[in-house]
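Scroll down for the structure; my scribbles are underneath it.
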Amino acid sequence: MKKIAAALMGTLLLVGLARADEAIVGTWKTIDDETRQPKALVQITDNGGEYQGRIVKLFHNPDARCDQCDGDRKDKPIQGMTILWGLKKSGDSYEGGKILDPKKGKIYSSKAKLQDGGKKLEVRGFLGVSLLGRTQTWERQ
């Protein structure tokens with residue numbers, strides 16, 4: 001009986017760990033589309049079922065400001081800025097969010113999906129329909 005209970009506990013623990021790996025919550029390394037070099041670390045948090053991401057580290061030019069942004073973000077430091085918000089889990093993906101491109105100062109609709117067993121996150125920014133946009137692959141840290 002003890003062996004069965006231990007096996008059951010082990011199975012439940014593994015299932016719990018697998019589910020934890022499936023969440024987008026955590027720190028992700030972004031890769032620059034042009035240079036293919038690491039660009040920033042984005043920390044994604046869960047705020048009551050809505051996920052948001054904040055830049056916690058810029059690898060190059062950590063003092064950069066969002067000079068192309070409008071409103072409250074205008075000329076604010078990019079490091080520390082929330083650039084992803086409003087994502088909600090929908091099946092095996094996250095949808096309905098917005099993402100800011102600090103380089104251009106533009107806000108796009110966004111969605112995300114885990115890949116490679118939760119080690120990578122495909123983040124798509126788009127205008128209108130998802131076909132009109134671009135996808136970045138972020139790496140879990």
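All values below were derived from every heavy atom in this structure, side-chain atoms included, with hydrogens, water molecules and symmetry-related copies excluded. The model shown is predicted, which means the values in this text are computed figures rather than measured ones.
- Atom NZ of Lys119 is separated from atom OG1 of Thr137 by 14.5 Å, given to the nearest 0.5 angstrom.
- By the criterion of side-chain heavy atoms lying less than 4.5 angstrom apart, applied directly or through intervening Ile, Leu, Val, Met, Phe, Trp or Tyr residues, Ile31 is not grouped with Val123; the two fall into different hydrophobic clusters.
- Annotation: Asp33, atom CG; neighbour count of heavy atoms from other residues, nucleotides and ligands within 6.0 Å is above 12.
- A salt bridge links Glu139 with Lys29; the closest basic N to acidic carboxylate O contact falls under 4.0 Å.
- Distance check, rounded to the nearest 0.5 Å: CD of Gln68 to CG of Asp75 gives 9.5 Å.
- Remark: side-chain polar atoms of Gln79 are paired, donor with acceptor, to backbone N or O of Leu58 under 3.5 angstrom.
- Side-chain contact check for Glu122 versus Lys120: every heavy-atom pair is 4.5 Å or farther apart.
- Residue Arg124 comes nearest to Thr135 through the heavy atom pair NH1-OG1, 2.7 Å, listed as atom of the first residue, atom of the second, then distance.
- Distance check: Leu100 CG to Ile78 CD1 gives 8.0 Å after rounding to the nearest 0.5 Å.
- Rounding to the nearest 0.5 angstrom, the gap separating the NZ atom in Lys89 from the CG atom in Asp46 is 11.0 Å.
- When atom types are taken as modelled, the side chain of Glu34 and the backbone of Asp32 share no donor-acceptor pair closer than 3.5 angstrom.
- Residues Pro102 and Cys66 approach most closely at O-SG, 3.6 Å, considering heavy atoms.
- To the nearest 0.5 angstrom, Gln52 atom CD is 10.0 Å from Leu87 atom CG.
- Closest of all the heavy-atom pairs between Lys74 and Asp67 is NZ-O, 2.5 Å.
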Step-by-step side-chain contact (heavy atoms from CB on, under 4.5 Å) determination, Ile44 to Leu121: CA-CA 11 Å; Ile44 297 180; Leu121 182 66; 3.7 Å; yes
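- Two different hydrophobic clusters hold Leu84 and Phe59 under the rule that ILVMFWY side chains link at heavy-atom gaps under 4.5 Å.
- In this structure, CG in Leu41 is found 6.5 Å from OG1 in Thr27, a value given to the nearest 0.5 Å.
- Judged by distance alone, the side chain of Lys111 and the main-chain N or O of Gly125 form no donor-acceptor pair under 3.5 Å.
- Between the Lys103 side chain and the Gly105 main chain, no donor and acceptor come within less than 3.5 Å of each other.
- Residue pairs meeting the ring pair (Phe, Tyr, Trp, His ring centres under 6.0 Å) criterion with at least one partner in residues 96-141, sequence neighbours excluded, are absent.
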Ile24 vs Leu114, side-chain contact (heavy atoms from CB on, under 4.5 Å): CA-CA, chis, key distance, verdict: CA-CA 7 Å; Ile24 65 171; Leu114 288 165; 3.8 Å; yes
Trace of the side-chain contact (heavy atoms from CB on, under 4.5 Å) decision for Ser109 with Lys98: CA-CA 4 Å; Ser109 295; Lys98 299 288 183 185; 3.5 Å; yes
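- Looking at heavy atoms from C-beta onward, His60 lies out of side-chain contact with Thr35 at the 4.5 angstrom threshold.
- In this structure the side chain of Val25 reaches within 4.5 angstrom of the side chain of Tyr51, judged on heavy atoms.
- Heavy-atom contacts from other residues, nucleotides or ligands closer than 6.0 Å to NZ of Lys106 number 12 or fewer.
- Between the Arg140 side chain and the Gly118 main chain, a donor and an acceptor come within less than 3.5 Å of each other.
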Passes side-chain contact (heavy atoms from CB on, under 4.5 Å), Gln141 versus Val56? Steps please. CA-CA 12 Å; Gln141 297 301 289; Val56 294; over 6 Å; no
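- Of the possible polar contacts, one joining the Thr30 side chain to the Ala40 backbone as a donor-acceptor pair under 3.5 Å is found.
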